[in-house]
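Below is one structure, written out as structure tokens; comments come after it.
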Amino acid sequence: MSQVINNSLKQLGQMLASKQISSVELTQEYLRRIDALNPDINAYITLDKDKTLAQAKAADARIAAGKAEVLTGIPIAQKDIFCAQGWRTTCGSHMLENFIAPYDAYVIKQFDAAGAVNLGKTNMDEFAMGSSNETSYFGGVKNPWDRSRVPGGSSGGSAAAVAARLCAAATGTDTGGSIRQPASLCGFTGLKPTYGLVSRYGMIAFASSLDQAGPMAKSAEDCALMLNIMAGFDEKDSTSVNRPKEDYTRDLNKPLQGLRIGLPKEYFADGLEANVGAVVQAAIEEYKKLGAEIVDISLPNTQLSIPVYYVIAPAEASSNLSRYDGVRYGHRAKEYTDLMDMYCKTRAEGFGAEVKRRILIGTYVLSAGYYDAYYLKAQQIRRLIAQDFTEAFKQCDVIMGPAAPSTAFKIGEKADDPVAMYLQDIYTIAVNLAGLPGMSIPAGFSNGLPVGLQIIGNYFDEARMLNVGHAYQQVTDWHTRMPEGI
Ligand code: GLN
């Protein structure tokens, strides 16, 4: 059984199809591992073994009936930001601690239709605000590579679950880096798709113009199979893009001869830890051996991406989170004098410090007199940031650089310094502001800790990015490495 947990999704699918293992057996193996490791790692907030095993049973029946699809019977962990009918869905918040979702998110529906098994809901920063998973109401998550360190965030539970092989693959969401930064810190492959490719329906909103769901898995090939399930037009999301379904595995084996890789000088400057830079450079050397050409490019507005994001994201969050008022659903204060007092106490009790900080910033930048100075200005610079990428993609096919400026940091190290925490996303946030796709693949280690290589693609160029990731994973084995003691 120990071998099974490091298998690719394709291998697992073949084992299920050939009846070497049943979905119930595979699911039980993961549940057993979760029982053993989760009390310490804290990757999952909610498990519901009855529901999970019922899905596994149904998958076995479907396989027996010859109606299996690629992911039928495979146990997938779902970030606790996705509403799943009948499942507690907390978004990492006390506000939603006892919220049972009455309907399925689009993403959940897609996995259900494919016959995948929902293994449980994973831990995350509260309302996806954070880079270390330390803002979760349900406690921090430990990085399986070094349990004194953070897994990254906000999709820290999914990240630890993939790294510790507590699921076959997982979902995440990325508003400013929450798939790619934890992928870098935990040593696996994560992809944030082009904005609009994956429906946000039923995905609890943080910053709606930036939020995007994506796969977190061991390899690029696994991510391609996951994206095949997740992507698709959905009329219930007004920003869902109506384009034909694609097979993201179609270009995996294309040769990379002649691929033009842009290296932005701003991504290799001050702020990047030297050891991380060295690993990223070595990965780029590997791409040269595969026939790629290097092009020096510039993304001149990179430094502005964090200040712009911390105006726009809180502005949208303050609006999105106004719905948690104690009236419709979620937490309500027990004692209050009148309606206003009920609102105030409910929100004071229900939200954690980071969420409150964002609501305060957001309402401030949207208020009369400040709107033009902050929010409008930020939107204008956002456009310039997107234009930087448009210019760059005239010279190259993909852009490469680090996904995060450092390896996993110690739990508590940045918890009291929001600005230091915000800087974790210096290489990822601009991609969200531009609506582009980005991924992180394991590129090596520094002092025993994983380092990710970021691959940024042009709009809807996910198939090429996955090809670029897969080619590297054919000549390296970083993505197959597992932490000790798991
Ligand atoms: N770390 C960033 C933030 O705190 C991004 C989070 C995310 O992508 N959800 O907002």
Side-chain angles (χ1 to χ4, degrees), residues 79-82 91-93 122-136 140-141 150-159 170-186 190-193 195 198 200 203-216 305-318 320-321 351-362 365 378 382 403-406 408-409 413-440 452 454 456:
K79 184 175 181 178
D80 204 19
I81 199 168
F82 295 103
C91 216
S93 183
T122 58
N123 207 339
M124 55 180 286
D125 279 301
E126 186 178 6
F127 286 103
M129 299 173 189
S131 297
S132 65
N133 215 111
E134 291 167 291
T135 74
S136 170
V141 175
V150 303
S154 64
S155 315
S158 284
T171 56
T173 62
D174 190 314
T175 303
S178 285
I179 289 176
R180 291 160 288 157
Q181 184 255 9
S184 183
L185 271 48
C186 286
L191 185 143
K192 174 236 168 287
Y195 183 79
V198 177
R200 293 181 294 107
M203 185 176 115
I204 295 173
F206 161 14
S208 308
S209 78
L210 300 157
D211 299 342
Q212 190 61 201
M216 302 171 70
S305 61
I306 290 193
V308 164
Y309 174 90
Y310 280 99
V311 172
I312 293 174
E316 294 184 17
S318 70
N320 275 325
L321 271 57
F351 292 135
E354 183 60 26
V355 173
K356 285 177 187 158
R357 179 166 24 242
R358 307 267 179 127
I359 292 173
L360 287 174
I361 297 170
V365 299
R382 178 180 191 172
S406 69
F409 46 92
E413 190 182 320
K414 297 186 203 289
D416 297 325
D417 186 349
V419 175
M421 191 71 89
Y422 296 169
L423 282 169
Q424 271 295 304
D425 295 318
I426 177 76
Y427 306 122
T428 48
I429 272 180
V431 170
N432 300 74
L433 289 167
L436 288 164
M439 72 191 279
S440 176
Q454 186 174 199
I456 301 168

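Order of listing sets the numbers, starting from 1, for every ligand and every atom in it.
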Counting only pairs under 3.5 Å, give me each side-chain donor-acceptor contact of residues 432-440, with atom names and distances, residues two or more places apart or in other chains.
unit_1 : atom_1 : unit_2 : atom_2 : d
Asn432 : OD1    : Arg180 : NH2    : 2.6
Asn432 : ND2    : Asp174 : O      : 3.0
Asn432 : ND2    : Asp174 : OD1    : 3.0
Asn432 : ND2    : Thr175 : O      : 2.9

- Task: Measure from the side-chain N and O atoms of Ser93 to the backbone N and O of Glu126, and report whether any donor-acceptor pair falls under 3.5 Å.
- Result: no
- Task: Assign the ring pair Tyr310 / Tyr422 to parallel, tilted or perpendicular, where the plane angle (0 to 90°) is split at 30° and 60°.
- Result: parallel
- Would you check if there is a donor-acceptor pair between the side chains of Arg382 and Ser209 at a distance under 3.5 Å? yes
- Will you find, in the side chains of Ser132 and Asp125, an N or O donor that is under 3.5 Å from an N or O acceptor? no
- Item | Donor-acceptor side-chain pairing of Ser154 and Lys79 below 3.5 angstrom | yes
- Could you pull out every protein residue that has a heavy atom closer than 4.0 Å to ligand 1, ordered by chain and then number? Ala128, Met129, Gly130, Ser131, Ser154, Asp174, Thr175, Gly176, Gly177, Ser178, Phe206, Tyr309, Tyr310, Arg358, Asp425
